[in-house]
Student: 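Dropping the structure in here first, questions after.
For reference, positions follow the sequence shown, starting with 1. Any value given below was found using the heavy atoms of this structure, including those in side chains, with hydrogens, waters and symmetry copies removed. Just so you know, ligand 1 is whichever comes first in the structure, and atom 1 is the first atom listed for that ligand.
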Amino acid sequence: MLQFQEALDIVLKHSYNLEKENVSLNNCLNRILAEDIISDMDMPPFDKSAVDGYACKAEDINMELEVIETVQAGQTPSKKIKKGQCTQIMTGAPVPDGADKIIMVEHVEINGNKIKAKKNQIKSNICKLAEDVKTGDVVLEKSILIKPQHIAVLASSGYNKVHVYKNPSVGVFSTGDELVEPDCKPSKSKIRNSNGPQLIAQVQNLGLEEKYYGIAKDTKKDTLNILKKALSENDIVLLTGGVSMGKFDFVPEVLKQAGVEILFSQIAIKPGKPTVFGTINNKFVFGLPGNPVSSFVLFEILVKALIYKLMGFEINPDKIKLPLGKDYIQKRTGRQSFIPVNIKNGQIFPVEYHGSAHINSLSLADGFISIPAGVDEIKKGELLDVRQI
Ligand code: AMP
Ligand code: MG
């Protein structure tokens, strides 16, 4: 059976980067930058006061100083500082010529139009012209995932429009005769569709929009109809259920009927073994297992990698090492396992999970750990890599 890394390699190998487009500064959050960002100015653009205080000559620090003007942020000083003089200055205002020190307002005694420093700080309290960025510097490199802190850099570099990769369009549907939508009270033998809304939320969490196609009955005809429609309207289709060995698990067969080339239909992982991945006309389909934990984990470890690759980004998930909070024992398995964990007081606790109906257990998960095939016991205190979610 295919190992997880092999499955991931197949997914990434068949993927490609979508085209680029220009979007406005206020619409580029969570997109992947498709150009280097170059500053069109020095930052700071002038010697700038870092504090509210009095600008003077450092050598005059022990003298009584005459205040010759007041400069606010956004104004330009009109007077040069001479010996024995100072200018009252606000944070962010340009430092007047002749001054090389700002005495903080908290450190002066004021006497009419005169001030005197009560304390001498070693630092100048001046941010020097271009000490952060020089005109022409690359301030953000191509291919980063744009986060709120990058928006400030784009804004101060004058990028009102930003070149990014296009977002893939994603279609989502669930399969299963037992499913009703969340607004219905399930009759006996039915359950609510939780995978659909969960997948939609996972897609939205990446800053993408999704199209939802509802619930397909466990018939080849219904599944094929919805699949074809979703494929015609999207770059990626995510469906859950109907991928395992049951009599009514038609998804792999229906994918073939729709002309999808199946690239794998099993992975040696737990949960999520019967995951199906295929491609057709540069579009992709994931058939995820109906078990809500499987569907959740598979989105995190496989689907996300595909979505980001299409968006021009090779995901390399951050992991933190934390100790296991109690001994963990699982049935020995020949498959790599992905276990949702809760993080409490700097320790990790595998989330107790009793099967596909135990949906609230996953809500406790802050991340998951991966355990190699063949390992059935891990001792309390052992350091494990946690991938946060
Ligand atoms: P399946 O992969 O279709 O055999 O489903 C495996 C298990 O997950 C069954 O117990 C299903 O009832 C459950 N399941 C399937 N689809 C969903 C869904 N959309 N929401 C919640 N549970 C589901
Ligand atoms: Mg099913």
Student: Taking only heavy atoms of N195, which atoms of ligand 1 are found under 4.0 Å from at least one of them?
Tutor: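 Result: 16 (N), 17 (C), 18 (C), 19 (N), 20 (N), 23 (C).
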Student: At a 4.0 Å cut-off, with the gap strictly under it, does some heavy atom of S244 reach an atom of ligand 1?
Tutor: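 Under 4.0 Å: yes for S244.
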Student: Is Q198 close enough to touch ligand 1? Criterion: a residue heavy atom under 4.0 Å from a ligand atom.
Tutor: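 No heavy atom of Q198 comes that close to ligand 1.
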Student: Quick one: CG on N291 to CG on L362, what's the gap to the nearest 0.5 Å?
Tutor: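 These two atoms lie 9.5 Å from each other.
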Student: Yes or no: does G242 have any heavy atom under 4.0 Å from an atom of ligand 1?
Tutor: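 Yes, that is the case, since the closest heavy atom of the residue is under 4.0 Å from the ligand.
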Student: Are R192 and E181 ion-paired here, with the side-chain N under 4.0 Å from a carboxylate O?
Tutor: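 Not counted as a salt bridge, because no side-chain N and carboxylate O are separated by less than 4.0 Å.
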Student: Specify whether F338 and F4 have parallel, tilted or perpendicular ring planes, treating 30° as the upper limit for parallel and 60° as the lower limit for perpendicular.
Tutor: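 F338 vs F4 ring planes: perpendicular.
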Student: Going by the order shown, which atoms of ligand 1 are within less than 4.0 Å of some heavy atom of S174?
Tutor: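 Going through ligand 1 atom by atom, the ones under 4.0 Å from S174 are 19 (N).
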Student: Going by the order shown, which atoms of ligand 1 are within less than 4.0 Å of some heavy atom of N193?
Tutor: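 The atoms of ligand 1 under 4.0 Å from a heavy atom of N193 are 18 (C), 19 (N), 20 (N).
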Student: Only one of D9, L263, L306 passes side-chain contact (heavy atoms from CB on, under 4.5 Å) with H14; say which it is.
Tutor: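 Of all the options given, the one that passes is L263.
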Student: Can you list the atoms of ligand 1 that are under 4.0 Å from a heavy atom of I191?
Tutor: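 By the 4.0 Å cutoff, the relevant atoms are 12 (O), 21 (C), 22 (N), 23 (C).
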Student: One thing to verify: whether D47 and K128 come together as a salt bridge, which I'm taking to mean a side-chain N less than 4.0 angstrom from a carboxylate O.
Tutor: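 Yes.
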Student: Hey, could you give me the NZ/CG distance between K331 and D376, rounded to the nearest 0.5 Å?
Tutor: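 Reported value, rounded in 0.5 Å steps: 12.0 Å.
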